[in-house]
Amino acid sequence: MNNSNDTHALDRICELLVEDILLATDDEILLEAAEDHVKLDEISASIQTLIGKARLNVAKKNLSKIKQHQGIVISERKRFSENYDDAHIKQIFDEFTLHNKGDAQLSIAARKGKDLTAQDMRSMLDDFQELGYDLDSFANGDPE
Amino acid sequence: MFQPDKNPTLSSEEFYERLTALSVADNLRIRKISEVWAARCGLAPDDLFQEAVTRVLEGRRNCPSRVGVVPFLAQVMRSLSSDENKAKDRAPNLLPLSALLEAGYDPPAASLTPENQFNAQQSFKELWDKVCALFHDDEISILILEYQIAGYEAEEIRKYLGLDQTAYDSKRRFIRRRFDRLFKKEGQV
């Protein structure tokens with residue numbers, strides 16, 4: 001007997017069996033099931049449950065990826081203030097407070113009226129960034 | 001100029017919709033096919049099938065739209081089974097190569113590693129003993145399986161054995177049903 005170099009003998013036998021299953025008509029498959037006393041409802045329910053589980057697993061993985069991505073975005077945005085020197089930070093902060101008086105005043109009030117250091121401004125700008133404010137436009141000198 | 005995709009594939013959602021609309025017969029086919037490939041690699045049929053579906057829904061395997069979902073999943077399960085077998089680190093049972101050669105066995109290609117070659121020889125010997133026992137009363141079935149293992153296509157096998165299509169189909173079905181009983185009895189090839 002010649003031996004196929006690239007296909008295992010066991011695989012070749014399984015291929016023959018699978019080919020036969022795929023070529024069988026619906027009637028033949030159902031007849032076999034009757035011969036084997038297979039409960040059709042149970043098989044169908046089992047298969048559909050497994051499909052549902054697979055879909056759920058994929059959805060969970062996708063959600064995990066989204067959360068991970070959002071985490072990366074937030075952590076990158078937190079580094080916003082690190083990209084500018086103190087003078088630039090003060091300029092951005094002044095521009096921002098001018099355009100967002102209400103929110104900025106609340107935050108400044110939370111500091112109990114103390115003079116704001118450059119580090120305070122950095123910290124507040126990072127907080128505003130995390131809250132969803134678009135600070136890039138202020139950094140670029142082009143606030144809406 | 002717009003060039004239509006020659007091999008469009010189903011989206012995950014389209015594939016899922018087709019899966020949930022399978023007929024009872026197709027659900028049975030999937031169960032049987034998963035049992036075959038699971039018996040081949042030692043995984044549970046449900047685990048193998050669920051992993052195959054997961055791979056497609058994740059987009060790691062793409063089902064061509066012109067291919068049915070059942071034959072496509074059969075191919076994915078075959079691939080997973082093959083991967084599983086490669087990953088296994090089974091300690092082989094020792095058996096002299098000379099015994100296999102005396103039995104008329106052609107060793108696999110030299111491109112295989114010595115370990116893979118040895119394992120292939122072991123598996124083949126064990127398999128062939130089982131096949132001969134299973135079909136001890138049916139020489140045609142053994143010949144069909146010999147040709148199949150040797151890589152011949154169905155048409156060639158029919159021609160060499162002088163079987164018409166109906167006779168060949170009937171014999172192939174007979175072979176599968178005997179293997180069905182073997183799987184149920186032993187759980188693994």
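Worth saying up front: this structure is predicted, and the values here are computed from it rather than measured. Reminder, nothing fancy here: chain letters follow the sequence lines and each chain counts from 1.
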Engineer: Could you tell me which residues in residues 50-60 of chain B have at least one non-hydrogen atom under 4.5 Å from a non-hydrogen atom of chain A, sorted by residue number?
Structural biologist: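 Only B/Gln50, B/Val53, B/Thr54, B/Leu57, B/Glu58 of residues 50-60 of chain B have a heavy atom under 4.5 Å from chain A.
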
Engineer: Side chains of A/Ser123 and A/Asp120: donor-acceptor distance under 3.5 Å anywhere?
Structural biologist: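 No, no side-chain donor-acceptor pair sits under 3.5 Å.
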
Engineer: Do B/Glu13 and A/Arg55 come within less than 4.5 Å of each other through their side chains, counting heavy atoms only?
Structural biologist: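 Yes, close enough: below the 4.5 Å cut-off.
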
Engineer: Roughly how far, to the nearest 0.5 Å, is the CZ atom of B/Arg78 from the CD atom of A/Glu15?
Structural biologist: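 Atom-to-atom, A/Glu15:CD and B/Arg78:CZ are 4.0 Å apart.
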
Engineer: Heavy-atom distance under 4.5 Å to chain B: side chain of A/Asp26, backbone, both or neither?
Structural biologist: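 Both parts, heavy atoms under 4.5 Å.
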
Engineer: In terms of heavy-atom pairs under 4.5 Å, which option from A/Val58, A/Val18, A/Ile29, A/Ile21 contacts chain B the most?
Structural biologist: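 Greatest number of close heavy-atom pairs with chain B: A/Ile21.
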
Engineer: What part of B/Gln75 lies closer than 4.5 angstrom to a heavy atom of chain A: side chain, backbone, both or neither?
Structural biologist: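 No part of B/Gln75 comes within 4.5 Å of chain A.
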
Engineer: Would you say A/Asp41 has more than 12 foreign heavy atoms packed within less than 6.0 Å of its CG?
Structural biologist: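 No, the 6.0 Å shell around CG holds no more than 12 heavy atoms from other groups.
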
Engineer: Scan the side chains in residues 15-23 of chain B for donor-acceptor partners under 3.5 Å anywhere in the protein, sequence neighbours excluded, and list what turns up.
Structural biologist:
unit_1: B/Thr20; atom_1: OG1; unit_2: B/Tyr16; atom_2: O; d: 3.2
unit_1: B/Thr20; atom_1: OG1; unit_2: B/Glu17; atom_2: O; d: 3.0
unit_1: B/Ser23; atom_1: OG; unit_2: B/Asp26; atom_2: N; d: 3.1

Engineer: Is the shortest distance from a Lys or Arg side-chain nitrogen in B/Asp46 or A/Lys53 to a carboxylate oxygen in the other one below 4.0 Å?
Structural biologist: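 Salt bridge between B/Asp46 and A/Lys53, a charged N being under 4.0 Å from a carboxylate O: no.
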
Engineer: At a 4.5 Å cut-off on heavy atoms, which part of A/Glu35 comes close to chain B: side chain, backbone, both, or neither?
Structural biologist: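 Contact with chain B: side chain only.
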
Engineer: Which answer fits A/Thr25, side chain, backbone, both or neither, if we ask what part of it has an atom under 4.5 Å from a heavy atom of chain B?
Structural biologist: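 Interface part for A/Thr25: backbone (N, CA, C, O).
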
Engineer: Is there a path of hydrophobic side-chain contacts, each under 4.5 Å between heavy atoms, that joins B/Leu28 and A/Leu23?
Structural biologist: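 Different clusters: B/Leu28 never reaches A/Leu23 through Ile, Leu, Val, Met, Phe, Trp or Tyr contacts under 4.5 Å.
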
Engineer: Shorter than 4.5 Å, heavy atoms on both sides: which option in A/Asp27, A/Leu50, A/Ile43 has the most such pairs with chain B?
Structural biologist: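 It is A/Leu50.
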
Engineer: Using a 4.5 angstrom heavy-atom cutoff, name the option from A/Ala59, A/Ala24, A/Gly52 with the most pairs to chain B.
Structural biologist: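 Heavy-atom pair counts peak at A/Ala24.
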
Engineer: Just checking heavy atoms, which of residues 67-74 of chain B are less than 4.5 Å from chain A?
Structural biologist: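 Listed by number: B/Val70, B/Pro71, B/Ala74.
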
Engineer: Taking ring pair (Phe, Tyr, Trp, His ring centres under 6.0 Å) as the test, write out the residues that go with B/Tyr160, two or more places apart.
Structural biologist: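 Residues passing ring pair (Phe, Tyr, Trp, His ring centres under 6.0 Å) with B/Tyr160: B/Tyr147, B/Tyr152.
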
Engineer: Between chain B and each of A/Leu22, A/Leu16, A/Leu40, count heavy-atom pairs under 4.5 Å; write down the option with the most.
Structural biologist: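 The residue among A/Leu22, A/Leu16, A/Leu40 with the greatest pair count is A/Leu16.
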
Engineer: Checking A/Asp126 against A/Arg122 for the salt bridge (Lys or Arg N to Asp or Glu O under 4.0 Å) test, could you report, in this order, the C-alpha distance in whole Å, the side-chain angles of both residues, the deciding distance, and whether it holds?
Structural biologist: CA-CA 6 Å; A/Asp126 287 340; A/Arg122 286 179 184 279; over 6 Å; no

Engineer: What is the distance from atom CD1 of B/Ile144 to atom CZ of B/Phe174, rounded to the nearest 0.5 Å?
Structural biologist: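 So the CD1 of B/Ile144 and the CZ of B/Phe174 are separated by 10.0 Å.
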
Engineer: Got A/Phe93 and A/Leu135 here, is their nearest side-chain heavy-atom distance under 4.5 Å?
Structural biologist: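 Answer no - side chains too far apart.
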
Engineer: Could you grab the distance from atom CD1 of A/Ile13 to atom CZ of B/Arg176, nearest 0.5 Å is fine?
Structural biologist: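 Between atom CD1 of A/Ile13 and atom CZ of B/Arg176 there are 15.0 Å.
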
Engineer: Between atom CG of A/Asp11 and atom OG of B/Ser81, what is the distance when rounded to the nearest 0.5 Å?
Structural biologist: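 Separation between the atoms: 6.5 Å.
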
